[in-house]
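Note sheet for the following structure.
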Amino acid sequence: MNERRAARERRRAQEFELFVAGAGGRLLHAALLLTGEPGRAVGSGDGADGDPGSEAAERLLTAALARTYADWERLRGEDPYARTRQELAARFARSARRYRRPRGGVLDRLSPRERLVLVLRLHEGVPEEQTAAALGMSVERVRVICTRAVSALRSRPTATPYRAAP
């Protein structure tokens, strides 16, 4: 009995490791966009110069992946990527007040809610209906927030690149 249980746990761990190896990069990118951190290599911020690197995004993703791993046996055919993405969005929404100050990322000028809707809709390609259901708002509200966020990004130009004089 214990051998069977140990074999099941090994199989579960191997399946989960394969999932993380395949989906981890894209999920980390989504977490970086949500937290508003500038894109960096994983673990590049050592904290020595006060730069936290991508620590907040990594913490957010680690918590979401931990929940997915805990529920792995209960997924039963459900898409683990969708489940992890949903958990990532829910964790971000619960702790959005932490991500209000600018961190230097492309989306840092947006509110946390605008970032969440924009990442789910445009980066992840989640339909409006599913985004609305996941966030507990109407489809029209999701549409308005997404449109407003895109308009805000388009209307506020970023720093112009340096050009040498002719």
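For reference, positions follow the sequence shown, starting with 1. Atoms considered below: every heavy atom in the structure, side chains included; atoms not considered: hydrogens, waters and symmetry mates.
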Handout entry: Side-chain touch His123/Leu33, heavy atoms, less than 4.5 angstrom
Key = yes
Practice task
Side-chain contact test, heavy atoms from C-beta onward, threshold under 4.5 Å: evaluate it for Arg121 versus Val126 and give yes or no.
Solution key: no
Exercise for the section: Supply the atom-to-atom distance Leu110 CG to Leu153 CG, rounded to the nearest 0.5 angstrom. Expected result: 4.5 Å
Problem - Test log, rule side chain to side chain contact (heavy atoms under 4.5 Å, CB included), inputs Thr84 and Phe19 - result: CA-CA 11 Å; Thr84 306; Phe19 162 69; 3.6 Å; yes
Exercise for the section: Identify the heavy atoms of Gly36 and Arg115 that sit nearest to each other, and give their distance. Expected result: N-NE, 4.1 Å
Handout entry: Pairs touching residues 127-151 that satisfy ring pair (Phe, Tyr, Trp, His ring centres under 6.0 Å), sequence neighbours left out
Key = none
Practice task
Can you spot which of Thr131, Val142, Leu88 makes a side chain to side chain contact (heavy atoms under 4.5 Å, CB included) with Leu120?
Solution key: Thr131
Practice task
Any chance you could lay out the side chain to side chain contact (heavy atoms under 4.5 Å, CB included) test for Leu32 and Leu61, step after step, and finish with the verdict?
Solution key: CA-CA 9 Å; Leu32 283 167; Leu61 178 58; over 6 Å; no
Handout entry: Heavy-atom side-chain proximity of Arg113 to Met137 below 4.5 angstrom
Key = yes
Handout entry: Any residue meeting side chain to side chain contact (heavy atoms under 4.5 Å, CB included) with Glu129, in chain and number order, not counting sequence neighbours
Key = Pro127, Val139
Problem - Sub-4.5 Å side-chain heavy-atom contact between Leu107 and Val119 - result: yes
Exercise for the section: Please tell me if the side chains of Ile145 and Leu118 come closer than 4.5 Å, counting only heavy atoms from C-beta onward. Expected result: no
Handout entry: Axial cation check for Tyr69 ring with Arg12, 6.0 Å and 45° limits
Key = yes
Handout entry: SB check Asp71 Arg67 (cutoff 4.0 Å)
Key = yes
Problem - Leu135 reachable from Leu122 in the ILVMFWY side-chain graph, under 4.5 Å edges - result: yes
Problem - Residue pairs, two or more places apart or on separate chains, that pass side chain to side chain donor-acceptor pair (under 3.5 Å) and touch residues 15-34 - result: Glu15-Trp72, Arg26-Tyr81
Handout entry: Pairing of Arg91 and Glu87 as salt bridge, 4.0 angstrom limit
Key = yes
Problem - Gap between atom CD of Glu114 and atom SG of Cys146 - 0.5 Å precision - result: 10.0 Å
Practice task
Might you work through the side chain to side chain contact (heavy atoms under 4.5 Å, CB included) test for Thr35 and Arg59, ending with a clear yes or no?
Solution key: CA-CA 10 Å; Thr35 59; Arg59 277 194 312 271; over 6 Å; no
Exercise for the section: Establish whether Phe16 and Leu75 are linked, either directly or via other cluster members, by ILVMFWY side-chain heavy-atom contacts under 4.5 Å. Expected result: yes
Practice task
Search all heavy atoms of Ala30 against all heavy atoms of Glu124 and return the closest pair with its distance.
Solution key: CB-OE2, 3.7 Å
Fill in the blank from the handout: Rounding to 0.5 Å, atoms OG (Ser155) and CZ (Arg148) come to a distance of 12.0 Å
